[in-house]
Enquirer: 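I have a structure I would like to understand better, so I am pasting it below and will then ask my questions one at a time.
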Amino acid sequence: MTDIPRWFTSTKDGHSQWYVDRFRQLAADGADLGGEARLIDAVTAPGSRVLDAGCGPGRVGAVLHERGHTVVGVDADPVLIEAAEQDHPGPRWVVGDLSRLDLDEEPFDIAVVAGNVMVFVAPGTERLVLESLRRHVRPGGRIVVGFATDRELALEDFDADVGAAGLVLEQRFATWDLVPFSADADFAVTFLRVPQ
């Protein structure tokens, strides 16, 4: 197990700025960047507390903030957090490692983990990340995780970590717009519940 997220070890120099520039260009071109946020908004009460875990440059948290939720976004990459602060004022943006997260915050109603975050955390820390998210979400709250199933994290391993972290797997879909999951799906959006 290493402490360095794959986001830093599996990408080339300049990747963070490329990622920021890519999403700024997509936004300028009018691309729909709010799909994950629409789903989270639909399954969460108005004015909820939302943890955007692995927030990147803030596109998901920004939409949720615009829809009236209190949002805290966390990412290990200071370049991405700086972009979130510049492009999306309003939410609280924090540089932090999800496997060792210790926010001085009230519990969140829901955590959203979009953008393949789980395949970019440090190898061997996936369970620690889930445990950390569980500590930050209130009993009865949800954690919604989406990632590509053809990357470094096998779905079976993720599910084992879910159970070991004391979370309950409620539902799984193949996309953020709720296409039913099937064995040949190359993406999984998993709804987890923090037990009461």
Enquirer: I'd like to know if I143 and V168 are part of one continuous hydrophobic network [Ile/Leu/Val/Met/Phe/Trp/Tyr, side-chain heavy atoms within less than 4.5 Å].
Expert: no
Enquirer: Counting C-beta onward and ignoring hydrogens, is there a side-chain heavy-atom pair between F181 and L155 closer than 4.5 Å?
Expert: yes
Enquirer: Which residues pass the side-chain hydrogen bond (donor to acceptor under 3.5 Å, both in side chains) test with H69, not counting sequence neighbours?
Expert: D41
Enquirer: Please examine the side chains of L101 and V74, heavy atoms only from C-beta on, and report whether any two atoms are closer than 4.5 Å.
Expert: yes
Enquirer: Are side-chain heavy atoms of H136 and E105 found at a separation under 4.5 Å?
Expert: no
Enquirer: Measuring from atom CG of L103 to atom OG of S132, what distance do you get when rounded to the nearest 0.5 angstrom?
Expert: 7.5 Å
Enquirer: Rounded to the nearest 0.5 Å, what's the gap from CZ on R67 to OG on S48? Could you check?
Expert: 13.5 Å
Enquirer: Any non-hydrogen side-chain atom of D159 less than 4.5 Å from a side-chain atom of R172?
Expert: yes
Enquirer: Quick check for you: to the nearest 0.5 Å, what is the distance between L192 atom CG and L133 atom CG?
Expert: 9.0 Å
Enquirer: Does one hydrophobic cluster hold both I110 and L64, with members joined at side-chain heavy-atom distances below 4.5 Å?
Expert: yes
Enquirer: Quick check on the hydrophobic clustering: are V60 and F120 connected, directly or via other members, by side-chain heavy-atom contacts under 4.5 Å?
Expert: no
Enquirer: Does the side chain of D29 pick up a donor-acceptor pair with the side chain of Q25 at under 3.5 Å?
Expert: yes
Enquirer: Short question: side chain of W93, backbone of H88 - any donor-acceptor pair under 3.5 Å?
Expert: yes
Enquirer: Determine the sole option in T190, L130, D161 for which the side-chain contact (heavy atoms from CB on, under 4.5 Å) test with L167 is passed.
Expert: L130
Enquirer: Between R127 and D157, is there a side-chain N and carboxylate O pair less than 4.0 Å apart?
Expert: no
Enquirer: Using a 3.5 Å distance criterion without hydrogens, assess whether the side chain of D77 forms a donor-acceptor pair with backbone atoms of G56.
Expert: no
Enquirer: Taking the side chain as everything from C-beta on, heavy atoms only, tell me whether V71 gets closer than 4.5 Å to R92.
Expert: no
Enquirer: Looking at L169, is its backbone amide N or carbonyl O close enough to the side chain of R193 to form a donor-acceptor pair, meaning the two atoms are under 3.5 Å apart?
Expert: no
Enquirer: Minimum heavy-atom separation for I81 to V94, with atom names?
Expert: CD1-O, 3.3 Å
Enquirer: Determine yes or no for a side-chain-to-main-chain donor-acceptor pair under 3.5 angstrom, with D52 supplying the side chain and G73 the backbone.
Expert: no
Enquirer: Would you please name every residue forming a side-chain hydrogen bond (donor to acceptor under 3.5 Å, both in side chains) with D32, sequence neighbours left out?
Expert: R38
Enquirer: When rounded to the nearest 0.5 angstrom, what distance separates CZ in R151 from CZ in F187?
Expert: 9.0 Å
Enquirer: Is the backbone N or O of A165 less than 3.5 Å from a side-chain atom of R134, with the two atoms forming a donor-acceptor pair by type?
Expert: yes
Enquirer: So do F173 and L39 actually touch side chain to side chain, heavy atoms under 4.5 Å?
Expert: no
Enquirer: Treat each ILVMFWY residue as a node, draw an edge where side-chain heavy atoms are under 4.5 Å apart, and state whether F191 and V179 are in one component.
Expert: no
Enquirer: Is the distance from the ring center of F147 to that of F158 below 6.0 Å?
Expert: yes
Enquirer: Mark yes or no for whether D97, through its side chain, and A76, through its backbone, hold a donor-acceptor pair below 3.5 Å.
Expert: no
Enquirer: Out of curiosity, S99 OG to L128 CG, how far, rounded to the nearest 0.5 Å?
Expert: 5.5 Å
Enquirer: Go through the side-chain N and O atoms of D186 and T149 and say whether any donor and acceptor fall under 3.5 Å apart.
Expert: no
Enquirer: Evaluate the side-chain contact (heavy atoms from CB on, under 4.5 Å) criterion for residues L26 and L33: first the C-alpha distance (whole Å), next the side-chain angles of each, then the deciding distance (0.1 Å), finally the verdict.
Expert: CA-CA 8 Å; L26 287 168; L33 300 178; 4.1 Å; yes
Enquirer: Nearest 0.5 Å please: distance from the CG atom of L98 over to the OG1 atom of T125.
Expert: 8.5 Å
Enquirer: Tell me whether T175 contacts the main-chain N or O of D177 through its side chain, where contact means a donor paired with an acceptor under 3.5 Å.
Expert: yes
Enquirer: Does one side chain, of Q86 or R24, offer a donor that lies under 3.5 Å from an acceptor on the other?
Expert: yes
Enquirer: For residues R59 and V63, determine if any side-chain heavy atom of one lies less than 4.5 Å from a side-chain heavy atom of the other.
Expert: no
Enquirer: If Ile, Leu, Val, Met, Phe, Trp and Tyr residues are connected whenever their side-chain heavy atoms lie under 4.5 Å apart, and connections chain through other members, are V95 and V20 in the same group?
Expert: no
Enquirer: Do M118 and V113 pass the side-chain contact (heavy atoms from CB on, under 4.5 Å) test, and can you show the C-alpha distance, the side-chain angles, and the key distance before you say yes or no?
Expert: CA-CA 8 Å; M118 290 302 294; V113 191; 4.3 Å; yes
Enquirer: Whether the side chain of E82 engages the backbone of L80 through a donor-acceptor N/O pair (distance < 3.5 Å, no angle test) should be reported.
Expert: no
Enquirer: Determine yes or no for a side-chain-to-main-chain donor-acceptor pair under 3.5 angstrom, with T44 supplying the side chain and I40 the backbone.
Expert: yes
Enquirer: Hey, does V117 have a side-chain heavy atom less than 4.5 Å from the side chain of V145?
Expert: no
